[in-house]
Amino acid sequence: MNRKIFIFLIFIISAPLRVIAQIPDIDSLKNILPTAKGKERLTVLNELSTYLREVEQQVAFDYALEAEKLAQKLKDKSGEAIAKENIGWIYYRRGQWKKTFTYSKEAYELSIEANNLEEASRVLNSMGALYYEQQNYSMSIAQFKKALEISDKVDDFYTMIRSLNNIAFNYVKLEELDSAMYYASQAIETNENAGSPYLLSFSNRVIGDIYLKKNQLDSAEIIFEKALENAEIRGLTSFKASILHRLGHTYLLNGKPERAKKVLLEGVELSSQNNLLDELSKSHKYLAEYYLQSGDFKEAFKEQSLFITLNDSLENKSNKDRIALMQGMFEDDLNQSELELLTAQYENQASTLAFNRKIVFIVSTGSLLIFALLLWLFYLNRNIRKYNSSLILQKQHIRRQNEDLGTKSKQLEGINQTKNRLFSILGHDLKGPVGQVKSIVDLLTEGHLTQEEFDELIQNLKTDVDSVYFTLNNTLKWSLAQMEGFKLQKVNFNLSELVRSNIKLIKPQLKEKLLKIDNSSLADDLEIYADRDLIEVVIRNILNNAVKFSKPGDVIRLSAEIDNMMINWCVIDQGAGMQEEQIDELLSADYVITNSKVGTKMEKGSGLGLQICKEFTRMNGGELNIISKEGEGTKVCVRIPASKVLVNN
């Protein structure tokens, strides 16, 4: 480590320790609260909420909600802005970004009305965080710099440090490390005037990230260790969890595997206790790397599986939240544009009417030219009527365009949801199992696995390959059915034979879960008239679902009967069952890809199966029915036209 880096590390570690006393006395504020009334109580509530929102989130949220109601009652716009900004930020920490946007927008408008620039700069930090969640780092930096400029003018050191830290953090994401280091150093220097341990830990963590990106591992170790010490002293639980996996990663890269294991296991425990899923997934990821380095491939496989499961879940939630946030911002911009357009139209009409009144006044005062002026006024009035009629038509046209835009926006949202779910199926449900197969094959080809270890993992390989094949087959069949020009190939064929051939395909799953299939009441001569390939997909998915949600040792019963030129084929299991809301959603007229639940032995699914069954059955002139009770099992029936031969007999 060179001399300049060493001096800088000493500076950032020691600088803020002189001013911790500037933090408000929380206990004193809590003691004042029971007797405080009116504006004094509003001030105390906002102070408590502001300083507790990173430490005791629920307590801070309750204080902020009370402050919001009290400010509205007192008609205190500045106090209401502070309360709404705190509520919005807590929603941000909880991952509810659309609510964050709504509260932050209202807080900004109130702070501008009340001329509270200090609060306006804090709200801009929340808006910058929302752009960060959209991965628009340049726009996020612009918001934080605007907040920095305002907070500098009003000497709000806390918001200045927060803005500097956020700018540095976004520059790290853009790989502009020199800029990131400059703003993080400025945050530490400014912290001498504020003394915030939370913001100090944030600054140290950002600088540690910079050193890690630059592969200056000794420097990164020192910074992360100091940030961890600060977080432990101040009780910053979420921050401690975020530092533990970073420090563990640094130890691994720096050749200190046992230290890495210790902090990563601590990170897993802390993140699990506090439901910090993002930090938990990263701790599992680096533990997998530790076990891989140690040669313990079984533990490495286990940790990698936990990481993939958590990471997939977090990515799905993040995508949904990001879409909801973008939709909220889009709707807000759309409403604002419409308002501005209507305002411009009304102002134009008002200006025209004012001009007409002036003309009428001037004309009425002219005695010598009254006749000519009356004719001119008539002509002018006719033009005005035409102009007003044109404005009315334009307004109606704009309204129709806005209605059409709203309809298209809803259609686009539905298309995006289907697209994103399909991408999720291909990008996550397939990537995870394929990644596991690749990892095991790589280990085997490189000679890291013994035959005994490979035999232990081969069943996992088969399960993953079966899952990939089933999902790909469903997706392929569905995609072909959606293609323009697709035609059904209806023929007469034996339903019973098709069912029995598919039962043979799932025998390994039946054996593994000790399940039995009772098809004794299934006649041998059930002929139907339909597209054989599509109906086979329906049968396979329904049987697969019954196996997936049955408990070990259960019996799955099959039945079929002819009713009014239709064959009603049913599969009855004794498994987990479904809620009425789930059934209504699955059988609705709309095409909805739902989130699949895991089976009784943690089997995964794509959420596509029953939707394909519903669509393919309807395409063949039939219908899908589901009867279920949660905890008692499910009965799924496919009603399909019988063959003409069978009906005539």
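The figures here come from the full heavy-atom set of this structure, side chains too, leaving out hydrogens, waters and symmetry mates.
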Worksheet item: Could you walk me through whether Glu497 and Arg500 pass the salt bridge (Lys or Arg N to Asp or Glu O under 4.0 Å) check?
Response: CA-CA 5 Å; Glu497 289 180 2; Arg500 291 188 177 99; over 6 Å; no

Practice prompt. Kindly indicate, with the supporting measurements, whether the criterion side-chain contact (heavy atoms from CB on, under 4.5 Å) is fulfilled by Ile572 and Ile556.
Written response: CA-CA 6 Å; Ile572 307 165; Ile556 300 171; over 6 Å; no

Fill in: Audit row: Cys570, Leu558, side-chain contact (heavy atoms from CB on, under 4.5 Å) steps and yes/no
CA-CA 6 Å; Cys570 298; Leu558 309 184; over 6 Å; no

Worksheet item: How far apart are the C-alpha atoms of Ile517 and Ile506, what are their side-chain angles, what is the distance that settles it, and do they pass the side-chain contact (heavy atoms from CB on, under 4.5 Å) test?
Response: CA-CA 11 Å; Ile517 288 188; Ile506 62 170; 4.1 Å; yes

Practice prompt. Go through Glu221 and Tyr211 one step at a time and tell me if the side chain to side chain donor-acceptor pair (under 3.5 Å) criterion holds.
Written response: CA-CA 9 Å; Glu221 266 189 38; Tyr211 282 133; over 6 Å; no

Worksheet entry | side-chain contact (heavy atoms from CB on, under 4.5 Å) evaluation trace for Gln509 with Lys548 | CA-CA 9 Å; Gln509 295 98 301; Lys548 177 179 174 182; over 6 Å; no

Practice prompt. Might you work through the ring pair (Phe, Tyr, Trp, His ring centres under 6.0 Å) test for Tyr132 and Tyr137, ending with a clear yes or no?
Written response: CA-CA 5 Å; Tyr132 167 81; Tyr137 304 124; 5.6 Å; yes

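The shortest heavy-atom contact between Gly267 and Ser283 is C-OG, 3.9 Å. When all heavy atoms of Ala184 and Val206 are compared, the pair lying nearest together is CB-CG1, 4.2 Å. Taking both residues in full, the closest heavy atoms of Val571 and Ala546 are given as CG1-CB, 3.9 Å, listed atom of the first, atom of the second, then distance. Taking each heavy atom of Ala180 and Val172 in turn, the nearest pair found is CB-CG2, 3.7 Å. Annotation for Ser138 and Leu174: closest pair OG-CD1, 4.3 Å, computed over non-hydrogen atoms. Summarising the geometry of Val555 relative to Gln574, their closest heavy-atom pair is N-OE1, 3.0 Å, with the distance given to 0.1 Å.
Summarising the geometry, atom CE belonging to Met139 is positioned 4.0 Å from atom OH belonging to Tyr131; distances are rounded to the nearest 0.5 Å. To the nearest 0.5 Å, atom CZ of residue Phe224 and atom NE2 of residue His249 are 10.0 Å apart. If you take CD on Gln216 and CG on Asn254, they are separated by 12.0 Å, rounding to the nearest 0.5 Å. Atom CD of Gln611 and atom CD of Glu585 lie 7.5 Å apart (nearest 0.5 Å). Note that the CZ atom of Phe169 and the CG atom of Leu164 stand 15.0 Å from one another [nearest 0.5 Å]. Note that CG of Leu264 and NE2 of His284 are 10.5 Å apart. Values are rounded to the nearest 0.5 Å.
A distance-only check finds a donor-acceptor pair linking the side chain of Asn541 to the backbone of Val537 [under 3.5 Å]. At distances below 3.5 Å, not a single donor-acceptor pair connects side-chain atoms of Asn519 with backbone N or O atoms of Leu522. Without hydrogens or angle criteria, Ser628 side chain to Gly633 main chain gives a donor-acceptor distance under 3.5 Å. Gln57 places no side-chain N or O within 3.5 Å of a backbone atom of Ile90 that could act as its donor or acceptor partner. Under the 3.5 Å distance criterion, the side-chain polar atoms of Asp554 are left unmatched by any main-chain donor or acceptor of Ser550. Judged purely by atom type and a 3.5 angstrom limit, Ser140 uses its side chain to pair as donor or acceptor with the backbone of Gly128. Remark: the backbone N or O of Val268 is not paired with any side-chain donor or acceptor of Ser271 at under 3.5 angstrom. Between the side chain of His245 and the main chain of Ser242, a donor-acceptor pair closer than 3.5 Å is present. Side-chain atoms of Asp573 come within 3.5 Å of backbone N or O of Gly575 as a donor-acceptor pair. A donor-acceptor pair is defined here as one N or O able to donate and one able to accept, closer than 3.5 Å; such a pair exists between the side chain of Asn274 and the backbone of Leu270.
Counting only heavy atoms from C-beta outward, the side chains of Asn166 and Ile141 never approach each other to under 4.5 Å. Looking at Glu232 and Lys240, their side chains come closer than 4.5 Å, going by heavy atoms from C-beta outward. In this structure the side chain of Thr634 never reaches within 4.5 angstrom of the side chain of Asn545, judged on heavy atoms. Residues Trp89 and Asn125 have side chains not in contact (no heavy-atom distance under 4.5 Å, counting atoms from C-beta outward). Residues Ile243 and Asn204 fail the side-chain proximity criterion, which asks for heavy atoms closer than 4.5 Å. Side chains of Leu280 and Ser272 form a contact here, defined as non-hydrogen atoms less than 4.5 Å apart. Looking at Lys261 and Leu252, their side chains never come closer than 4.5 Å, going by heavy atoms from C-beta outward. Met181 places none of its side-chain heavy atoms less than 4.5 Å from the side chain of Leu177.
For Lys302, the NZ atom sits in a loose shell: 12 or fewer heavy atoms of surrounding residues, nucleotides or ligands are nearer than 6.0 Å. Annotation: Lys629, atom NZ; neighbour count of heavy atoms from other residues, nucleotides and ligands within 6.0 Å does not exceed 12. Counting heavy-atom neighbours within 6.0 Å of Lys513 NZ, excluding the residue itself, gives a total above 12. Atom NZ of Lys635 has 12 or fewer neighbouring heavy atoms from other residues, nucleotides or ligands inside a 6.0 Å radius.
The residues Arg540 and Glu536 are annotated as salt-bridged, a charged nitrogen and a carboxylate oxygen being separated by less than 4.0 angstrom. Here Asp178 pairs with Lys214 in a salt bridge; the nearest charged N to carboxylate O distance falls below 4.0 Å.
Ring orientation note: the planes of Tyr171 and Tyr183 are close to parallel, at an angle under 30° on the 30°/60° scale.
Figure legend: Arg557 and Trp569 shown without cation-pi pairing, the cationic atom not lying both under 6.0 angstrom from the six-membered ring centre and within 45 degrees of its axis. A cation-pi arrangement is present between Arg205 and Phe239, with the terminal nitrogen or guanidinium carbon under 6.0 Å from the aromatic centre and inside a 45° cone about the axis.
Remark: aromatic rings of Phe297 and Tyr291 are distant, center separation not under 6.0 Å.
Evaluation of the salt bridge (charged side-chain N to carboxylate O under 4.0 Å, His left out) test over residues 279-291, restricted to residues two or more places apart or in two chains, returns Asp278-Lys282.
Checking Asn165 against Ser203 by side-chain atom types alone, a donor-acceptor pair falls below 3.5 Å. For the residue pair Glu258 and Tyr290, a side-chain donor N or O sits within less than 3.5 Å of a side-chain acceptor on the partner.
No option in Thr250, Leu247, Ile207 other than Thr250 meets the side chain to side chain contact (heavy atoms under 4.5 Å, CB included) test with Leu212.
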